[in-house]
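Quick note on labels: first sequence line is chain A, next is B, and so on, each numbered from 1. Only heavy atoms go into these numbers, but all of them, side chains included; no hydrogens, no water, no symmetry mates.
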2 protein chains.
Amino acid sequence: MDLGRRLRSRGYRLTPQREAILGVLRENAGRPLSPEDIHAMAGKKQPGMGIATIYRTMDLFCELGIAFPVHLRGGYRFYEINLGKHHHHMECIACGKLELLEACVIDDIAELVRDGSDFLITSHCMSLFGYCRQCLEGGKEKEAAES
Amino acid sequence: MDLGRRLRSRGYRLTPQREAILGVLRENAGRPLSPEDIHAMAGKKQPGMGIATIYRTMDLFCELGIAFPVHLRGGYRFYEINLGKHHHHMECIACGKLELLEACVIDDIAELVRDGSDFLITSHCMSLFGYCRQCLEGGKEKEAAES
DNA sequence: CTCAATGCAAACTGTTTGCAACCGC
DNA sequence: GCGGTTGCAAACAGTTTGCATTGAG
């Protein structure tokens, strides 16, 4: 909970930039954010932030378990705040809309695999891809270019 | 099966480069290859190939269902030949070793989700991450730097 | 006062694009 | 020979790194 304590106990420092970034993550819990997204939003709280700070901070946050990376189609990087409860995503191929999948049946799978192999599973990622309702109804493919 | 026919029927052409790339994919069925990997291997069959050809060809192959993209940790791109039977991967965080997961329970999940939402699921990706036996036994973390 | 952290800009890496030459069909 | 395809090089986009400066503890 306490960011300052969490950082200091490991020899890191609590800076306004890190607070701003954590704030952004908190306000967007459950929504994967790109470094660019975070930069733009955190920049409003803490003007003048460099993009490099975002990358460095997100690496740190992931290492500390404060955030985690999300792997979506396209291979770009996204991050979310780690609130303990696990979930996955469904992404629309046409417009990019994301929907949350609360359930995580994969934990069961991972457990199964754990028994049948030499791997020690520590994390996993899963995403479903397809078309959302809007894109299916109107025009079929690539609808929402830009408004 | 017949690459030439498959291409021509859609107005595309069969070139030595495309044959070389398909050959590489075939010989590495089940193993995710990066564009770089493919470039290096196909270059031995067909010297002088440009990297751009790899990217363009893989896009085409994916569109035609000849290959499919694999999403692993790190967000880089990988491809595999599409042999119909679906599978997933387990990747060692420490040394990068990949292991195949034959089973795909996600198809069931996808079906479940299909009923409970507006999405039309067309594909998905899942990968498990953890540590392989070797990395667990020897030295715990980051073993295989380079030889 | 010390050393971690930042902003900036340059360097990198992976991917895409424009274009003239090339070559399947 | 028409038009899809290629190699090359330049352009891009996202990410990383070096370094002088700043500022948390």
Side-chain angles (χ1 to χ4, degrees), chain A residues 2-24 32-64 66-67 69-79 96, chain B residues 2-24 32-64 66-67 69-79 96:
Chain A
D2 181 359
L3 181 61
R5 184 157 316 178
R6 211 152 170 182
L7 289 171
R8 266 176 243 119
S9 72
R10 294 259 218 139
Y12 299 113
R13 292 174 184 175
L14 178 58
T15 65
Q17 288 86 341
R18 288 176 178 171
E19 281 187 300
I21 292 175
L22 183 65
V24 168
L33 301 175
S34 69
E36 203 81 20
D37 293 336
I38 300 172
H39 185 222
M41 294 192 238
K44 286 180 188 167
K45 297 167 187 270
Q46 215 17 249
M49 290 186 61
I51 186 75
T53 298
I54 308 295
Y55 283 99
R56 288 188 278 229
T57 300
M58 291 318 300
D59 279 351
L60 179 62
F61 279 9
C62 286
E63 189 189 317
L64 294 179
I66 295 172
V70 178
H71 305 268
L72 297 175
R73 208 180 189 79
Y76 298 115
R77 228 177 292 186
F78 294 89
Y79 297 100
Chain B
D2 182 359
L3 181 61
R5 185 157 315 178
R6 209 150 170 185
L7 289 170
R8 268 176 241 118
S9 72
R10 294 260 219 140
Y12 299 113
R13 290 176 186 173
L14 178 59
T15 65
Q17 288 88 340
R18 287 176 179 169
E19 282 187 299
I21 292 175
L22 182 65
V24 168
L33 301 175
S34 69
E36 204 80 19
D37 293 337
I38 300 173
H39 185 221
M41 295 192 235
K44 286 180 186 166
K45 297 167 187 269
Q46 223 3 259
M49 289 186 60
I51 186 74
T53 298
I54 309 294
Y55 283 99
R56 288 188 278 231
T57 301
M58 292 317 301
D59 280 351
L60 178 62
F61 280 8
C62 286
E63 188 189 318
L64 294 178
I66 294 172
V70 177
H71 306 267
L72 297 176
R73 208 180 189 79
Y76 299 115
R77 228 178 291 187
F78 296 89
Y79 297 99

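Heavy-atom minimum distance, A:Tyr79 versus A:Pro69: CD2-CA, 4.0 Å.
Between the CD1 atom of B:Ile54 and the C1' atom of C:dG14 there is a distance of 14 Å, rounded to whole Å. For the pair B:Gln46 CD and D:dT6 P, the computed distance is 10 Å after rounding to whole Å. To the nearest angstrom, P of C:dA5 lies 12 Å from CD1 of A:Ile21. Rounded to whole Å, atom C1' of D:dG25 lies 19 Å from atom CZ of A:Arg10. Atom CE of A:Met58 is separated from atom P of C:dA5 by 15 Å (rounded to the nearest Å). Spacing between atom CZ of A:Arg18 and atom C1' of D:dG23 amounts to 12 Å, rounded to whole angstrom units. Atom pair A:Tyr55:OH and C:dC8:P shows a separation of 16 Å (rounding to whole Å applied). Straight-line distance from the CG atom of B:Asp59 to the P atom of D:dT6: 12 Å, rounded to whole Å.
Without hydrogens or angle criteria, B:Arg18 side chain to B:Arg13 main chain gives a donor-acceptor distance under 3.5 Å.
Between B:Arg77 and C:dT15 there is a side-chain N or O to OP1 or OP2 distance below 4.0 Å. Between A:Gln17 and C:dG7 there is a side-chain polar atom (N or O) within less than 4.0 angstrom of OP1 or OP2.
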Where do N or O atoms of nucleotides 19-24 of chain C meet protein N or O atoms at under 3.5 Å, pair by pair?
unit_1	atom_1	unit_2	atom_2	d
C:dG24	O3'	B:Leu14	O	3.3
C:dG24	N2	B:Arg13	NH1	3.3
C:dG24	N2	B:Arg13	NH2	2.8
C:dG24	N3	B:Arg13	NH1	3.3

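Between B:Arg6 and B:Ile66 the shortest side-chain heavy-atom distance falls below 4.5 Å. Using a 4.5 Å heavy-atom threshold, the side chains of A:Val24 and A:Lys44 count as separate. For the pair A:Glu63 and A:Arg10, the minimum side-chain heavy-atom distance is below 4.5 Å.
To the nearest 0.5 Å, the span separating CD1 on A:Ile51 from NE2 on A:His39 amounts to 5.0 Å. The CZ atom of A:Phe61 sits 6.0 Å away from the CG atom of A:Leu7 when rounded to the nearest 0.5 Å.
Where B:Glu36 and B:Tyr12 meet DNA chain C, the nucleotide closest to each residue was compared, and B:Glu36 sits on the side nearer the 5' end.
For B:Thr53, counting side-chain heavy atoms from C-beta on, the closest listed nucleotide (C:dA9, C:dT16, D:dT6) is D:dT6. For A:Ala52, taking side-chain heavy atoms from C-beta onward, the closest of the listed nucleotides C:dT15, D:dT5, C:dC8 is C:dC8.
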